[in-house]
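Beneath this line is the structure, given in structure tokens, with notes to follow.
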Amino acid sequence: MTTTLDAAKQGFYHDLLRQMLLIRVFEEQAGAAYAQGKVGGFCHLYIGQEAVAVGSIAALRESDTIIAAYREHGHALARGVAPRAVMAELYGKLGGVSKGKGGSMHLFDVSRNFLGGHGIVGSHIPLAAGTAFASKYQGKDDVSVCFFGEAAVNIGAFHETLNMAALWKLPVVFIVENNRYGMGTALERASAVWNVYERACSYDMDEELVDGMDVVAVYDVMTRSVARARERNAPTLIEARTYRYMGHSMADPIHGHYRTKEELEEQKARDPIEGLRARLLDAELITDEAFASMRAAIDEEIKDALAFADEDEDPPLDDLYTHVYTD
Amino acid sequence: MTTTLDAAKQGFYHDLLRQMLLIRVFEEQAGAAYAQGKVGGFCHLYIGQEAVAVGSIAALRESDTIIAAYREHGHALARGVAPRAVMAELYGKLGGVSKGKGGSMHLFDVSRNFLGGHGIVGSHIPLAAGTAFASKYQGKDDVSVCFFGEAAVNIGAFHETLNMAALWKLPVVFIVENNRYGMGTALERASAVWNVYERACSYDMDEELVDGMDVVAVYDVMTRSVARARERNAPTLIEARTYRYMGHSMADPIHGHYRTKEELEEQKARDPIEGLRARLLDAELITDEAFASMRAAIDEEIKDALAFADEDEDPPLDDLYTHVYTD
Amino acid sequence: MPAITYRDALNQALEEEMERDSDVFLMGEEVGVYQGAYKVSRGLLEKFGDQRVVDTPIAELGFAGIGVGAAMAGLRPVIEFMTWNFALLAIDQIVNSAAKLHYMSGGQVRVPVVFRGPGGSALQLAAQHSQAFESWYAHIPGLKVVAPATPYDAKGLLKSSIRDDNPIVFIEGEMLYNTKGEVPEEEYTVPLGQADVKRAGDDVTLVCHSKTVAVALKASERLSEELGVSAEVVDLRTIRPLDIDTIANSVAKTNRCVIIEDGWPFCGVGAQVVDDVQRVAFDDLDAPIVRVTGADVPMPYNKHLERAAKPNPDRVIAAVRQVTYQA
Amino acid sequence: MPAITYRDALNQALEEEMERDSDVFLMGEEVGVYQGAYKVSRGLLEKFGDQRVVDTPIAELGFAGIGVGAAMAGLRPVIEFMTWNFALLAIDQIVNSAAKLHYMSGGQVRVPVVFRGPGGSALQLAAQHSQAFESWYAHIPGLKVVAPATPYDAKGLLKSSIRDDNPIVFIEGEMLYNTKGEVPEEEYTVPLGQADVKRAGDDVTLVCHSKTVAVALKASERLSEELGVSAEVVDLRTIRPLDIDTIANSVAKTNRCVIIEDGWPFCGVGAQVVDDVQRVAFDDLDAPIVRVTGADVPMPYNKHLERAAKPNPDRVIAAVRQVTYQA
Ligand SMILES: Cc1ncc(C[n+]2csc(CCOP(=O)(O)OP(=O)(O)O)c2C)c(N)n1
Ligand SMILES: Cc1ncc(C[n+]2csc(CCOP(=O)(O)OP(=O)(O)O)c2C)c(N)n1
Ligand SMILES: [Mg+2]
Ligand SMILES: [Mg+2]
């Protein structure tokens with residue numbers, strides 16, 4: 001890890017750690033619930049990538065907009081959406097953020113400017129440029145942030161959008177979560193250029209490369225990227241190098257044809273949560289007791305979320321026909 | 001002009017000059033026929049850009065494949081398609097290359113590996129990568145060449161295709177005919193990067209910039225680009241800087257809101273035909289008489305093409321229902 | 001009332017709505033400096049400036065998505081496709097984003113965007129530029145589909161579309177831009193979802209929309225003169241939601257129905273009208289419903305073939321003979 | 001005959017055709033190393049190598065176009081879309097290139113490409129991943145559209161599709177991959193364009209395809225048991241060209257018709273069947289034709305809502321009661 005810790009920020013570090021741990025535990029339980037058949041459809045877990053969502057969203061203010069793909073549980077939680085509301089959505093219940101209509105891939109919380117939750121690779125990239133366009137149009141200085149995987153940079157929507165974002169100077173930050181694989185395809189087998197951030201060259205756009213396992217590094221890079229967007233409408237393409245511990249979705253193998261168990265174990269040594277915890281202990285900025293109670297509180301919170309989701313009701317059948325059009 | 005002439009190549013230069021002049025006269029007459037209502041639909045003239053098609057296609061062999069957009073009369077003629085067959089297609093006649101079904105935007109001559117003639121901006125770029133894929137698949141060393149305008153580099157198909165062409169090492173050459181405008185939009189108002197060839201950086205692809213008004217320079221650049229493709233399946237992105245003398249199509253103004261008459265006149269001073277003629281005269285590689293008779297022969301050939309197209313028959317009404325499916 | 005062109009009626013609707021609501025903006029290729037490929041946006045750049053009249057690169061998928069994103073953020077974008085043929089590149093944003101976001105988000109997200117531009121065949125534009133996609137968009141729940149036939153309806157329906165909170169597919173008749181009709185000087189709108197009886201009659205119902213309304217009206221005149229048949233002409237105006245009541249009421253009176261459309265027959269708009277009519281008016285029908293459609297072929301370039309491919313009064317009259325058993 | 005799964009039947013068809021003809025190759029996302037997202041291509045990479053089983057980046061528009069280009073050059077590409085939902089990004093290549101090139105080129109260019117992948121809704125995949133686009137593709141002249149319901153038909157129709165010289169849209173049932181059925185060991189094909197009577201009956205014709213064939217068969221059993229109604233089940237198998245004769249012959253016998261499809265109602269496949277049947281069998285019909293379709297809404301995630309959105313035997317039986325006036 002490159003960044004050095006600043007004792008004055010202890011509270012902030014604890015918060016980052018707490019958020020990452022919350023996501024980790026939430027996802028572990030979501031996976032278990034999927035195995036029990038309580039969660040259906042495609043369920044893409046974020047385990048291993050927690051530092052990217054937590055570090056980058058920590059650099060935003062509430063009025064900034066966040067748009068993510070289908071692997072977005074972590075982003076929603078980092079944005080402050082209640083675990084209850086996210087878990088209930090995974091369960092398809094009425095108390096879910098999207099009233100049970102969206103599910104795991106389509107989490108929305110407009111009250112928090114969290115605009116999904118999108119399932120077509122690349123399709124949400126222009127949406128983020130659109131919300132950024134609106135912010136500028138309305139004379140606000142809110143920034144839009146778009147999260148997507150490294151495999152999405154090869155699709156047309158990425159190219160068309162980055163060109164317009166740079167050409168029109170839109171206040172948007174594009175964050176590529178490079179977890180090395182798009183389903184079973186390694187970056188090197190899908191992209192002619194292996195440094196994803198280099199793709200910024202075609203748009204004369206600012207670029208950043210960051211260790212996506214170092215939450216503080218992500219926060220720092222995001223802070224300056226957001227500042228560029230907010231202060232002078234300059235978009236940035238950030239590549240955060242991270243890793244996905246689980247299979248592409250709960251329906252996919254964790255390793256096998258496309259990656260080895262060894263590679264997986266090796267990558268887990270970079271664990272973002274364990275990494276920050278160890279550094280805080282070294283720097284005597286956290287005690288084992290403090291961490292244990294943090295963990296205990298989170299376990300409680302997720303247990304509560306699971307209970308809520310279990311007990312919550314299904315949407316009434318009439319909801320099938322609501323929200324097709326506005327009324 | 002940068003290139004220097006080689007007396008030993010006099011015959012070759014005459015041939016390039018003759019081809020450019022043939023295209024120029026053909027297009028002038030096509031424009032006149034359009035004004036008379038003999039040619040319909042959208043008709044995009046190539047006047048001013050002749051050196052690009054002539055110089056680049058001269059570097060190919062017959063078994064190489066050519067795919068162009070809708071501004072392709074010049075490419076078809078440079079490929080050796082008879083003026084009669086092209087003009088008849090513009091007239092919608094049965095003797096046209098596409099039997100009157102394609103028209104100006106859809107010239108096809110499979111016997112010459114001239115595969116269109118495509119009207120959706122960018123849509124033919126993957127097609128060219130596909131024919132290149134087939135050449136490699138079949139163990140041939142034929143190259144595919146794709147011509148498109150500078151405005152097409154901002155569309156998704158360009159991006160997706162160049163990535164795969166570089167990733168898979170396909171024998172294809174992409175030639176951007178940068179005539180500075182996409183309809184009424186100047187390159188600078190549509191693209192975040194003003195040097196089109198720089199777009200190759202996102203694909204780690206070989207790039208070339210060439211004066212598209214210097215037919216010999218185009219030939220030289222194309223020759224080494226084709227060699228890279230043929231010998232080691234290395235694709236190239238070529239930017240040829242040229243200029244369109246006429247309106248975007250016959251339905252559009254030659255100048256007005258988007259460009260000035262002065263700019264147009266200024267650009268005409270770079271005329272590829274006049275330029276080569278003057279250099280050949282200087283170098284005493286052509287005489288005024290020789291040029292005059294070349295011109296006279298071409299006028300005859302185009303007159304003949306017009307007469308043929310005039311007299312040729314319309315396709316029978318039954319043709320409406322043929323070629324929807326193969327039989 | 002002054003008679004103005006369909007083009008100017010659309011231009012007035014855009015200008016009035018942009019005047020009325022600063023959240024309304026126009027984005028698309030050539031809408032600004034070039035004054036619109038079909039001049040529908042003439043003068044708007046000068047009046048509203050380049051933040052509200054935005055010229056785009058050729059990137060349909062990207063700018064359609066930017067429009068959807070801007071709508072999610074509360075603006076009311078009007079996205080112009082130079083023609084609907086090119087919208088195929090953007091269709092993922094229309095179908096997977098615009099049409100679904102309100103539903104997927106449990107009613108949180110609204111997408112008040114209007115996608116507009118010319119559709120259907122024009123003159124000799126050949127296969128890739130002569131297509132009518134009404135039935136495709138009308139297939140999609142979440143979209144509303146509008147296709148006006150007259151200047152009055154064009155203006156009134158576009159104003160209603162811009163004010164609607166749902167994504168609208170607004171398909172203009174490329175061949176109608178120069179047609180004239182009376183348009184009141186005072187403010188008015190035409191509600192979505194209401195068909196209009198363009199001519200009253202007793203013997204047969206002619207269902208049509210957009211360009212084919214003129215065909216139906218011409219046919220109806222000749223029907224009364226030549227066959228003494230009194231035809232009622234029902235202009236759908238809005239394809240989705242479909243005003244089946246107005247059609248059924250007419251058929252209840254005439255007991256016979258002919259449906260005319262510019263597009264292809266298979267799963268066209270007329271097929272749905274047949275489905276509805278035979279169900280709601282089964283006992284009213286004295287003869288099978290007959291459809292007059294564009295030929296089931298890609299559009300040929302040759303003008304005679306093209307003419308033969310399009311619906312015309314002769315074919316409508318022949319169809320009426322069929323349903324009135326006067327064959 | 002051995003009973004194998006629909007998935008393995010497709011796998012056999014691919015393997016046999018690749019064995020038979022070296023011009024046949026498979027291209028798409030995850031078809032190789034990952035063995036196919038739905039394992040339809042399991043083992044093919046190992047058997048045929050990575051030149052004939054090609055993993056692509058996520059770039060539907062690009063690789064669909066590369067497939068079309070390769071077909072233009074004489075190969076027989078099988079292009080797999082991970083699901084047909086993603087093909088919306090490639091639809092320009094399917095509709096504007098593949099479907100039109102043979103016609104636009106006056107019959108010179110052939111495009112023997114098969115686009116295949118799973119379509120329709122599965123289980124709780126929500127709005128963006130649960131769509132049936134048969135009617136869209138069937139709307140397009142130049143395309144053939146196939147949608148098999150059984151392992152036997154899947155294998156036989158895929159082999160015919162690969163051997164056909166026209167572009168084919170081959171839509172597999174995502175929910176059918178694990179269903180089993182008898183498939184002969186010896187070579188066979190099923191011709192395109194022929195519907196199949198899956199169950200003979202006298203009182204009502206149930207028209208269906210793909211997933212809804214099982215629904216119709218279940219319903220027909222209950223109809224005979226519970227109502228003593230004998231239903232004839234007609235499986236379209238090929239949507240375009242539509243085998244109207246088989247349907248009409250059945251209706252001539254039963255005088256009643258119910259059409260079942262997984263997709264949306266408006267301008268769905270059933271609408272076209274209604275249009276044809278009411279015209280060719282007007283006097284045979286004793287009751288209006290009734291359709292049972294997917295609910296006219298984006299697919300919700302919640303499993304109860306999803307179940308309510310899909311056609312099921314109860315709804316088919318209710319429809320049969322309607323057309324037999326036993327309501
Ligand atoms: C346009 C499109 N094509 C294919 C898919 C199927 N698919 C879903 S996720 C995925 C891989 C994406 O990988 P990446 O962008 O790296 O994100 P990650 O899953 O690694 O977070 C694919 C191919 C899709 N959803 N959309
Ligand atoms: C996808 C698509 N969008 C828009 C159009 C309309 N259109 C035709 S040509 C053109 C400009 C293309 O400019 P450029 O690529 O520079 O080629 P040039 O015409 O200058 O040769 C446009 C916008 C189209 N044919 N296809
Ligand atoms: Mg990834
Ligand atoms: Mg140009």
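Letters go in sequence order (proteins before strands), and every chain restarts at 1.
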* Asked: Pick from D/Asp164, D/Asp92, D/Val68, D/Val111: which one has the most heavy-atom pairs with chain B under 4.5 Å?
  -> D/Asp92
* Quick one: of D/Ser105, D/Gly107, D/Pro141, D/Gly74, who has the most non-hydrogen atom pairs under 4.5 Å with chain B? ->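 Highest number of pairs under 4.5 Å: D/Ser105.
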Can you say whether [X] sits under 4.5 Å from chain D via the side chain, the backbone, both, or neither, judging by heavy atoms?
{"X": "B/Ile120", "answer": "side chain"}
{"X": "B/His159", "answer": "neither"}
{"X": "B/Leu107", "answer": "neither"}

Quick one: are [X] and [Y] in side-chain contact, heavy atoms under 4.5 Å?
{"X": "D/Phe115", "Y": "D/Phe170", "value": "no"}
{"X": "B/Trp168", "Y": "D/Pro57", "value": "yes"}
{"X": "B/Arg199", "Y": "B/Tyr197", "value": "no"}
{"X": "B/Glu198", "Y": "B/Val193", "value": "yes"}
{"X": "B/Phe174", "Y": "B/Phe148", "value": "yes"}
{"X": "B/Val145", "Y": "B/Leu60", "value": "yes"}

Go through the atoms of [X] and report whether side chain, backbone, both or neither lie under 4.5 Å from a heavy atom of chain B.
{"X": "D/Gln108", "result": "both"}
{"X": "D/Leu143", "result": "backbone"}
{"X": "D/Thr56", "result": "both"}
{"X": "D/Asp50", "result": "neither"}
{"X": "D/Asp165", "result": "both"}

* Sorted by number, residues from residues 79-100 of chain B in contact with chain D (heavy atoms, under 4.5 Å) -> B/Val97, B/Ser98, B/Lys99
* Within residues 314-322 of chain B, which positions have a heavy-atom distance to chain D below 4.5 Å? -> B/Asp319, B/Leu320, B/Thr322
* **Which of B/Leu167, B/Asn113, B/Thr161, B/Leu115 touches chain D most, by non-hydrogen pairs under 4.5 Å** => B/Leu115
* To do: May I ask you to name which of B/Ile67, B/Asp109, B/Ile125 has the most heavy-atom pairs under 4.5 Å with chain D?
  =>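 Answer, by heavy-atom pair count under 4.5 Å with chain D: B/Asp109.
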* Does atom CD of D/Glu187 have more than 12 heavy-atom neighbours, drawn from other residues, nucleotides or ligands, at distances under 6.0 Å? -> yes
* More than 12 heavy atoms from other groups under 6.0 Å of CG on B/Asp206 -> yes
Determine whether the aromatic ring centres of [X] and [Y] lie less than 6.0 Å apart.
{"X": "B/His124", "Y": "B/Phe147", "result": "no"}
{"X": "D/Trp84", "Y": "D/Tyr137", "result": "yes"}
{"X": "B/His44", "Y": "B/Tyr70", "result": "yes"}
{"X": "B/Phe133", "Y": "D/Phe25", "result": "yes"}
{"X": "B/His118", "Y": "B/Phe108", "result": "yes"}

* To do: May I ask you to decide if D/Asn85's main-chain N or O and D/Thr83's side chain share a donor-acceptor pair within less than 3.5 Å?
  =>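 Indeed, once roles are kept as given, a pair shorter than 3.5 Å links the two residues.
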* Would a distance-only check, ignoring hydrogens and angles, find a side-chain to backbone donor-acceptor pair under 3.5 Å from D/Asp23 to D/Leu75? ->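 Pair absent, no side-chain N/O of D/Asp23 close to backbone of D/Leu75.
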